[in-house]
Amino acid sequence: MSTNIDTLENWERTHDCGSLSANNAGTEVLLMGWVNGRRDLGSLIFIDLRDRGGITQIVFDPKVSVVTHEKAHVLRNEWVIAIKGKVSPRLKGQENPKMPTGDIEVFVTDLKILNRTEVPPFQVDGAVDASETLRLKYRYLELRRPRLFENFRKRHQVVSSIRECLNRNGFLEVETPFLTKSTPEGARDYLVPSRVNKGTFYALPQSPQLFKQILMVAGFDRYYQVARCFRDEDLRADRQPEFTQIDLEMSFTGEEGVMAIFEEMMKDLFKTVLGKEIAIPIPRMEYTEAMDRFGCDRPDMRFGMELKDISGIAARSDFNVFRQALETGGCVKAIKVENAAADFSRKILDELSRFVSDLGAKGLAWIKITDNEWQSPIAKFFNQENISGLNKIMDARPGDLLLIVADKIKVANQALGMLRLEVAKRLGIIEKDALSFLWVTRFPLLEYDENEGRLQAVHHPFTAPLIEDLHLLKDSPEKVRARAYDLVLNGVEIGGGSVRIHDMSLQDEIFKILGITREAADRKFGFFLEALKYGAPPHAGMAIGLDRLVAIMVGAESLREVIAFPKTSSASCLMSDAPSIVEESQLKELGIGLLSE
RNA sequence: GGGGAUGUAGUUCAGUCGGUUAGAACGCCGGCCUGUCACGCCGGAGGUCGCGAGUUCGAGCCUCGUCGUCCCCGCCA
């Protein structure tokens with residue numbers, strides 16, 4: 001690559017490439033940026049100059065400067081240049097309505113070539129898109145694309161808006177450690193070896209949970225943090241190993257205080273960033289109702305198609321599959337797909353059947369409602385009375401399609417809940433621009449873990465039980481509801497939190513039920529339990545996943561579109577090539593040896 | 001850990017039944033061009049068909065393995 005490039009000297013920009021309009025006609029401007037495209041007509045050269053503000057057409061005309069025009073012939077895409085010139089309205093009929101700056105162009109008097117480039121591995125202008133592998137390897141080139149940059153501008157605005165809201169409400173931004181203690185509950189930890197204390201390890205935080213609660217004990221009263229969190233679990237389109245939470249904690253309040261703050265925050269940021277009004281208070285739904293009606297603890301409320309329990313009628317049918325499911329304590333539930341009977345072919349129904357069996361359900365029954373009967377493989381098991389009864393429960397009309405799953409309650413809910421989403425996706429009935437917020441409240445405090453053979457905390461072991469359920473704690477702990485709440489947006493869990501236990505004796509009782517001995521509890525988080533003894537105020541908190549929130553706001557398919565330097569689905573960074581092997585000497589210094597295969 | 005998809009020029013893709021010299025578009029290089037904005041026209045260069053075995057007279061195509069990427073299940077308090 002040639003090194004004959006110009007120096008900046010005392011040139012300073014006067015504008016960015018997105019800010020010029022007809023109002024600037026006649027002014028001398030100085031722009032800097034990248035060559036986004038060139039159209040060299042011989043004696044006239046047009047260049048699209050791009051910076052993060054936008055794109056401006058600049059013109060090299062020998063009538064303006066022979067020397068500069070001559071110099072401009074060598075310009076190529078992605079070269080970095082600076083130009084001085086005069087803003088001019090476009091000739092009549094030459095305006096470009098597709099460009100925000102399409103009414104003007106800049107006639108260049110002076111040109112500096114600030115840098116050249118090798119031929120880029122893919123076209124930044126996006127004319128031919130590259131594979132994501134390549135775009136991740138050359139992430140800086142992809143980030144030059146205006147569409148992607150816009151995501152990060154919005155992300156910045158979201159964080160600014162949140163900080164403003166929380167600062168206004170008396171919150172203090174405090175940083176908590178990255179090098180912290182491994183807690184075996186929850187997700188797998190990323191471990192960091194200690195050189196000073198060989199054989200011991202820090203863990204990167206899965207969340208600042210214990211530290212923020214200790215800040216409440218410390219009397220900080222209202223804390224927040226734009227907190228990076230780390231979880232060593234397998235990735236998904238909506239899961240990265242490091243991600244950012246807006247994490248907060250409040251003293252002397254409960255769920256109402258926390259929910260009110262988040263509602264104000266959401267209202268603010270959707271207004272400032274997207275110019276959209278959202279209605280508060282955000283509606284609430286208890287966990288059990290969400291499961292009953294949507295088969296899911298984070299229902300997408302942008303469409304209906306709710307689950308209906310048809311166990312009563314199923315019990316009166318002659319269909320053994322239904323009756324067996326009921327006899328073993330299961331249920332029969334159904335969804336109604338309006339006017340889909342004609343469109344859902346046997347092939348599609350087979351696909352849907354496979355879809356639910358992949359989720360562990362035993363099968364899928366379907367009924368097409370026709371004018372006076374059912375078209376269905378299971379029609380023969382129902383008498384006329386039951387047919388009318390079921391039609392009534394489902395509010396089914398001719399042309400509708402019923403999809404039915406009979407299974408254990410948990411399996412049926414999950415399968416139908418997912419099927420509901422799948423069908424809605426296939427039908428394209430989900431309104432893209434809709435914003436459907438929902439609080440899901442009163443989750444179960446505990447659930448039985450089949451693998452471990454013991455009760456586990458659904459949220460985390462410091463979540464407070466509902467006071468009115470306390471009496472159930474001893475005899476039927478699984479029925480106890482938690483003072484926990486999740487914020488759901490368009491079927492995505494964007495955050496969650498709870499009122500915490502601040503009473504040591506209740507905390508002890510919970511540990512006992514979880515089968516955690518005093519010794520084990522002390523070993524795992526003794527420092528935190530110790531803190532609870534010294535005047536812990538009542539407190540509650542919540543965290544929302546910033547990446548997921550921004551992803552929804554910008555309509556991103558994957559979190560990778562809202563994280564500047566994301567990891568691949570095998571948790572590696574294609575740009576830096578992390579993770580990588582390290583020098584033997586580095587390991588030795590840490591007192592670490594690698595196991596051979 | 002499991003299932004699915006995918007890998008061919010710098011990039012995105014096509015490549016028939018296994019058969020002669022692996023094509024197109026964009027990009028790149030050279031030339032022409034004073035109103036382009038997906039500029040146009042003429043010419044040109046550019047290939048480890050992801051990698052490794054195997055089957056075959058012959059493999060981009062078939063088989064096995066392996067690696068990368070993407071999606072999903074498990075997992076993610």
Side-chain angles (χ1 to χ4, degrees), chain A residues 36-49 55-64 69 73-74 76-78 88 90-99 101-102 105 107 117-138 141 183-189 206-207 209-210 229-241 243 354-355 357-360 414 418 422 443-447 449 451-452 455-463 482 484 493 496 498 514 524-525 543 545 557-558 560 567-572 574 577:
Chain A
N36 196 61
R38 80 189 165 105
R39 295 171 293 283
D40 186 341
L41 275 56
S43 295
L44 259 191
I45 303 169
F46 297 95
I47 298 279
D48 292 329
L49 187 63
I55 292 175
T56 295
Q57 171 164 284
I58 59 176
V59 190
F60 294 88
D61 186 336
K63 278 188 272 182
V64 175
H69 171 265
H73 277 302
V74 299
R76 291 295 181 270
N77 282 348
E78 299 310 314
S88 166
R90 298 252 186 123
L91 297 176
K92 243 205 164 64
Q94 295 296 336
E95 301 90 349
N96 185 345
K98 287 183 232 162
M99 291 174 76
T101 59
E105 56 199 348
F107 280 89
T117 178
E118 293 193 3
V119 176
F122 59 87
Q123 290 170 247
V124 174
D125 67 16
V128 175
D129 203 4
S131 69
E132 189 165 22
T133 309
L134 207 64
R135 287 183 281 131
L136 285 173
K137 179 170 179 188
Y138 299 95
L141 297 182
T183 51
E185 302 265 321
R188 202 176 287 115
D189 282 324
Q206 297 174 27
S207 83
Q209 185 62 35
L210 299 181
C229 304
F230 306 86
R231 293 180 191 175
D232 185 7
E233 297 292 345
D234 287 351
L235 287 80
R236 286 284 191 287
D238 62 351
R239 268 164 32 193
Q240 282 274 316
F243 59 98
R354 219 201 118 137
F355 179 84
S357 54
D358 284 349
L359 292 166
Q414 201 215 344
M418 301 276 278
E422 173 69 17
F443 280 73
L445 184 71
L446 307 159
E447 70 184 342
D449 185 323
N451 300 328
E452 303 268 325
L455 285 169
Q456 282 216 318
V458 169
H459 192 54
H460 58 57
F462 317 109
T463 303
E493 181 203 326
S498 63
L514 289 171
K524 286 173 179 173
F525 18 69
E557 296 283 321
S558 157
R560 292 187 295 276
K567 305 281 191 291
T568 68
S569 65
S570 51
S572 61
L574 295 179
D577 202 31

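So you know, we letter chains A, B, ... as the sequences are listed, proteins then strands, and number each from 1.
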Nucleotide paired to B/C61 in any strand shown, Watson-Crick or G-U, under 3.5 Å: none
Protein-nucleotide distance (A/Asn96, atom CG; B/A38, atom C1'), rounded to Å: 11 Å
Of the listed nucleotides B/C33, B/C72, B/C76, the one nearest the side chain of A/Arg239: B/C76
Atom pair distance, as rounded to whole Å: CZ in A/Arg354 and P in B/C73: 14 Å
Exceeds 12 heavy-atom contacts within 6.0 angstrom, atom NZ of A/Lys524: yes
Gap separating the CG atom of A/Leu49 from the CD atom of A/Glu105, nearest 0.5 angstrom: 13.5 Å
5'-most by nearest nucleotide on RNA chain B - A/Ser572 or A/Leu235: A/Ser572
Rounded distance in Å between the P positions of B/C39 and B/C26: 10 Å
C1'-based separation of B/G19 from B/G60 [nearest Å]: 13 Å
Between CD on residue A/Glu95 and CD on residue A/Gln57, distance to nearest 0.5 Å: 11.5 Å
side-chain N/O A/Thr568 vs B/U69 OP1/OP2, d < 4.0 Å: yes
A/Arg135 side-chain N/O to A/Ala130 backbone N/O, donor-acceptor pair under 3.5 Å: yes
Whole-Å distance separating the CD atom of A/Glu95 from the P atom of B/G35: 16 Å
Whether A/Phe462 and A/His460 hold their rings parallel, tilted or perpendicular, with breakpoints at 30° and 60°: tilted
Among B/C71, B/U34, B/U36, the nucleotide that comes nearest once only the side chain of A/Ser43 is considered: B/U34
Complementary nucleotide of B/A14, counting Watson-Crick and G-U pairs under 3.5 Å: none
Donor-acceptor pair (no angle test) under 3.5 Å: A/Arg39 side chain, B/C33 base: no
Pair assignment for B/G47, Watson-Crick or G-U wobble, requiring both distances under 3.5 Å: none
Touch class at under 4.0 angstrom, heavy-atom based, for A/Phe525 against every strand present: nothing
Near-parallel close stack of A/Phe122 and B/U11 base (under 5.5 Å, under 30°): no
B/U11 OP1/OP2 closer than 4.0 Å to side-chain N/O of A/Arg135: no
Touch class at under 4.0 angstrom, heavy-atom based, for A/Ile45 against every strand present: nothing
Within 6.0 Å of CZ in A/Arg354, more than 12 heavy atoms from elsewhere: no
Upstream residue (5' side of RNA chain B) when A/Glu557 and A/Gln206 are each assigned their closest nucleotide: A/Glu557
B/C41 pairs with, by Watson-Crick or G-U criteria that keep both distances under 3.5 Å: B/G31
Side-chain donor/acceptor of A/Glu105 to base of B/G35, under 3.5 Å: yes
Could you list the protein-to-nucleotides 65-67 of chain B atom pairs, N/O on both sides, closer than 3.5 Å?
none

Presence of A/Lys137 side-chain N/O under 4.0 Å of B/U69 phosphate oxygens OP1/OP2: no
d(CD, A/Gln94; C1', B/U34) in whole Å: 11 Å
Gap between atoms CG and C1', on A/Asn36 and B/U36 respectively (whole Å): 15 Å
Rounded distance (Å) that lies between atom P of B/G35 and atom NZ of A/Lys63: 10 Å
Nucleotide N/O to protein N/O under 3.5 Å, stretch nucleotides 26-29 of chain B:
| unit_1 | atom_1 | unit_2 | atom_2 | d |
| --- | --- | --- | --- | --- |
| B/C26 | O2' | A/Gln123 | OE1 | 2.8 |
| B/C26 | O2' | A/Gln123 | NE2 | 2.7 |
| B/C26 | O2 | A/Gln123 | OE1 | 3.3 |
| B/G27 | O4' | A/Gln123 | OE1 | 3.2 |
| B/C29 | OP1 | A/Arg76 | NE | 3.3 |
| B/C29 | OP2 | A/Arg76 | NE | 3.2 |

Atom pair CG (A/Asn77) and CG (A/Asn36), whose distance is rounded to the nearest 0.5 Å: 7.0 Å
Working for side chain to side chain contact (heavy atoms under 4.5 Å, CB included), residues A/Phe107 and A/Lys63: CA-CA 10 Å; A/Phe107 280 89; A/Lys63 278 188 272 182; over 6 Å; no
Candidates B/C76, B/C37, B/C75 - which lies nearest the side chain of A/Arg231: B/C76
Watson-Crick or G-U counterpart of B/G7, or none if no pair lies under 3.5 Å: B/C67
Whole-Å distance separating the CE atom of A/Met99 from the C1' atom of B/A38: 13 Å
B/G40 versus B/G35 - spacing of their P atoms, nearest Å: 15 Å
Sugar-phosphate, base or nothing in reach of A/Asp129, heavy atoms under 4.0 Å: sugar-phosphate
Touch class at under 4.0 angstrom, heavy-atom based, for A/Gln57 against every strand present: base
Selection from B/U34, B/C71, B/U69 that lies nearest to any side-chain heavy atom of A/Ser570: B/U69
Proximity to the side chain of A/Leu41 - top-ranked nucleotide from B/C73, B/U34, B/U11: B/U34
Integer angstrom distance from the P of B/C70 to that of B/A25: 31 Å
Shortest non-hydrogen contact from A/Ser43 toward A/His69: O-NE2, 2.9 Å
Chi angles and distances behind the side chain to side chain contact (heavy atoms under 4.5 Å, CB included) call for A/Arg76, A/Thr117: CA-CA 8 Å; A/Arg76 291 295 181 270; A/Thr117 178; 5.8 Å; no
Distance between C1' atoms of B/U63 and B/G23 (Å, rounded): 27 Å
A/Ser131 side-chain proximity, nearest of B/C37, B/C70, B/U12: B/U12
A/Gln94 (side chain) donor-acceptor with A/Lys92 (main chain) under 3.5 angstrom: no
Trace of the side chain to side chain contact (heavy atoms under 4.5 Å, CB included) decision for A/Thr568 with A/Leu574: CA-CA 7 Å; A/Thr568 68; A/Leu574 295 179; 3.4 Å; yes
Inter-nucleotide P distance (B/A24, B/C57), Å rounded: 34 Å
Sugar-phosphate only, base, or nothing, as touched by A/Arg560 at under 4.0 Å among non-hydrogen atoms: sugar-phosphate
Ion pair A/Arg239/A/Asp234, N-O distance below 4.0 Å: no
Distance between P atoms of B/U55 and B/C61 (Å, rounded): 15 Å
Whole-Å gap separating P (B/C72) and CG (A/Asp358): 14 Å
Phosphate contact (B/U69 OP1 or OP2) by A/Thr133 side-chain N/O below 4.0 Å: no
